[in-house]
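Reading through the structure tokens given below for one structure.
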Amino acid sequence: MGGRGGGEETESLLKSPNTAEGDGGGLKKRVWVETKKLWQIVGPAMFSRLTSYSMLVITQVFAGHLGDLELAAISIVNNVIIGFNYGLLLGMASALETLCGQAFGAKKYHMLGVYMQRSWIVLFFCCLLLLPTYLFTTPVLKFLGQPDDIAELSGVVSLWAIPLHFAFALSFPLQRFLQCQLKNHVTAYSAAVSLVVHFLVCWLFVNGLKLGVVGTMATISISWWVNVFITLAYSVCGGCPLTWTGLSSEAFTGLWEFLKLSASSGVMLCLENWYYRILIIVTGNLQNAQIAVDSLSICMAINGWEMMIPLAFFAGTGVRVANELGAGNGKGARFATIVSVTQSFIIGLFFGVIIMLFHNKIAWIFSSSEAVLVAVNKLSILLAFTILLNSIQPVLSGVAVGSGWQSYVAYINLGCYYCIGLPFGFLMGWVFKFGVMGIWAGMIFGGTAVQTLILCFITLRCDWEKEAQKANARVNKWSNTIK
């Protein structure tokens, strides 16, 4: 989209699904209209997230065939160290989904470029503050009770993840900047190119140059920076004429207010993201920790792979709800929520059934160790239930982001995950001696399920017309800060 044609397409995409009813269409037509709008965002977002996550999975596959120690080390770096920072930075960048989505719905397109630059500034300084998590990986893991050999190798691998860390600061705002303009196809194309580059470089570094587990981690950084350069070039070199007007000093104004919203968004998502990283850490304190960590990491990798689908719905729902609220259409936001939750749940149900049908075969792509395969098979029922539950929860979080409820939901996540889920997981894992199955089941049933029920209750009781009025006030407030 570009020029006047892009503006006309924008207006047509923002029409309420209720217009279909005015044209004589019934519920089926309204659902179809909303589905097309939703999947214009969800489809490319799903593809780009799957390809980006596949880079981590491919790396884990290469490491898994180097040996159990290498698999455990890179699993901890991917799932704990990178995952810890990924969750916070991704959450902070999601503030753009609220601001850019609602501004786009209100047709104040020029604000999107300034918002993205503010997000770059905030995330860059956040990256600097988070650097010690990579520099002191080994002593931290030893302090948390990880075996010395795993902690030592993890410390070496994590140093090679620092370039990837800074790629996040540019990539996440760029993705949301394009996503809120309904230009997800750009991120999809760049992700596809990056995946091809990653596979080729991974094969070269591991099989060709024999660089081992360090080489596998280096390939992720290279691939992510390829992705960044492609999306950046498109965004600033004429691909977004309505929303990118060049670097602006206005990006340095209103940073405190922007930081507060970014922090609320970051806390909301990272509390949830860290929850599963803690699961990996506490599993490392069990007996036969290497097999326990390997089996759980494989399940988390599969769950994370499938999780890219509901996360695409998270993105699509956030944009659709924000667009409708920004346009003053509360009923349209409510309808978009219903359609998105329903479709995500159906897909989650499908993959949950697939996991149950192939419960004894799903670990083969990650490991050839018989002990690991048996351990993963035992965990498959929990994996299936987690996938089903996660088909609903991220979509409801997308509603929260689109509506600007991040601070409120952050408190819910804190209470459900850390005041209920973690103690329950500890109780099941150590007190009742159910091991890794008890820890995971306790954290899922005690935390994630409770949080999902609360979000369902809040969404069902939401006054959508009032939320539309709040969105209008928010757009006007942030617009005034850059005049």
Give, for atom [atom1] of [X] and atom [atom2] of [Y], the distance between the pair rounded to the nearest 0.5 Å.
{"X": "Leu50", "Y": "Leu311", "atom1": "CG", "atom2": "CG", "value": "10.0 Å"}
{"X": "Phe457", "Y": "Leu460", "atom1": "CZ", "atom2": "CG", "value": "8.5 Å"}
{"X": "Leu38", "Y": "Thr317", "atom1": "CG", "atom2": "OG1", "value": "6.0 Å"}
{"X": "Asn390", "Y": "Ile309", "atom1": "CG", "atom2": "CD1", "value": "12.0 Å"}
{"X": "Phe177", "Y": "Cys240", "atom1": "CZ", "atom2": "SG", "value": "4.5 Å"}
{"X": "Leu453", "Y": "Leu389", "atom1": "CG", "atom2": "CG", "value": "8.0 Å"}

Mind checking whether [X] and [Y] have side chains closer than 4.5 Å, heavy atoms only?
{"X": "Phe351", "Y": "Ser391", "result": "no"}
{"X": "Gln40", "Y": "Pro44", "result": "no"}
{"X": "Met217", "Y": "Ile82", "result": "yes"}
{"X": "Trp464", "Y": "Leu325", "result": "yes"}
{"X": "Cys462", "Y": "Arg334", "result": "no"}
{"X": "Tyr234", "Y": "Trp244", "result": "no"}
{"X": "Leu89", "Y": "Cys126", "result": "yes"}

Just jot down the side chain to side chain contact (heavy atoms under 4.5 Å, CB included) partners of [X], sequence neighbours excluded, or say none.
{"X": "Leu349", "value": "Leu388"}
{"X": "Ile222", "value": "Val201, Phe205"}
{"X": "Ile454", "value": "Ile412, Cys416, Val450, Ile458"}
{"X": "Tyr189", "value": "His185"}

Answer yes or no: is there an ion pair linking Glu34 with Arg30, defined by an N-O contact shorter than 4.0 Å? no
Just do the side-chain contact (heavy atoms from CB on, under 4.5 Å) check on Leu130 and Leu88 with the steps written out, would you? CA-CA 10 Å; Leu130 291 171; Leu88 179 59; 3.9 Å; yes
What are the two closest heavy atoms between [X] and [Y], and how far apart are they?
{"X": "Thr35", "Y": "Val339", "result": "OG1-CG1, 3.8 Å"}
{"X": "Gly442", "Y": "Met428", "result": "CA-CG, 4.2 Å"}
{"X": "Ala336", "Y": "Arg320", "result": "CB-CB, 4.1 Å"}
{"X": "Ile387", "Y": "Gly348", "result": "CG2-O, 3.8 Å"}
{"X": "Pro173", "Y": "Ala93", "result": "N-CB, 4.2 Å"}
{"X": "Ile338", "Y": "Thr342", "result": "O-OG1, 2.8 Å"}

Could you tabulate the donor-acceptor pairs under 3.5 Å formed by side-chain atoms of residues 191-199, not counting sequence neighbours?
from, atom 1, to, atom 2, distance (Å)
Ser194, OG, Ser190, O, 2.8
Ser194, OG, Ser223, O, 3.4
Ser194, OG, Asn227, N, 3.2
His198, ND1, Thr219, O, 3.4
His198, ND1, Ser223, OG, 3.0
His198, NE2, Met55, O, 2.9
His198, NE2, Thr59, OG1, 3.1

Whether the side chain of [X] engages the backbone of [Y] through a donor-acceptor N/O pair (distance < 3.5 Å, no angle test) should be reported.
{"X": "Glu324", "Y": "Lys331", "value": "no"}
{"X": "Ser171", "Y": "Ala167", "value": "no"}
{"X": "Gln117", "Y": "Gly113", "value": "yes"}
{"X": "Ser235", "Y": "Thr231", "value": "yes"}
{"X": "Ser380", "Y": "Met356", "value": "no"}

Would Tyr417 and Leu422 satisfy side-chain contact (heavy atoms from CB on, under 4.5 Å), going step by step from the backbone distance to the final call? CA-CA 6 Å; Tyr417 289 137; Leu422 276 180; over 6 Å; no
Non-neighbouring partners of [X] that pass ring-ring contact (aromatic ring centres under 6.0 Å, His included), sequence neighbours left out:
{"X": "Phe350", "answer": "none"}
{"X": "Trp225", "answer": "Phe229"}
{"X": "Phe445", "answer": "Phe385"}
{"X": "Trp224", "answer": "Phe168"}

In terms of side-chain heavy atoms, does Thr448 have a donor or acceptor partner in Gln393 at a distance below 3.5 Å? no
Could you verify whether a donor N or O on one side chain and an acceptor N or O on the other, from Ser48 and Gln175, lie under 3.5 Å apart? no
Determine, step by step, whether Ile420 and Gln451 satisfy the side-chain contact (heavy atoms from CB on, under 4.5 Å) criterion, reporting the C-alpha distance in whole Å, the side-chain angles of both residues, the deciding distance to 0.1 Å, and the verdict. CA-CA 10 Å; Ile420 301 175; Gln451 185 235 23; over 6 Å; no
Strictly by ring pair (Phe, Tyr, Trp, His ring centres under 6.0 Å), give each pair with a member in residues 27-47 just once, sequence neighbours left out. Trp39-Phe313
Under the side-chain contact (heavy atoms from CB on, under 4.5 Å) criterion, do Ile355 and Ile302 qualify, and how do the steps go? CA-CA 10 Å; Ile355 291 296; Ile302 295 170; 4.0 Å; yes
Residue pairs, two or more places apart or on separate chains, that pass salt bridge (charged side-chain N to carboxylate O under 4.0 Å, His left out) and touch residues 166-181: Glu97-Arg176
Taking only residues two or more places apart in sequence or in another chain, which ones pass side-chain hydrogen bond (donor to acceptor under 3.5 Å, both in side chains) with Gln179? none
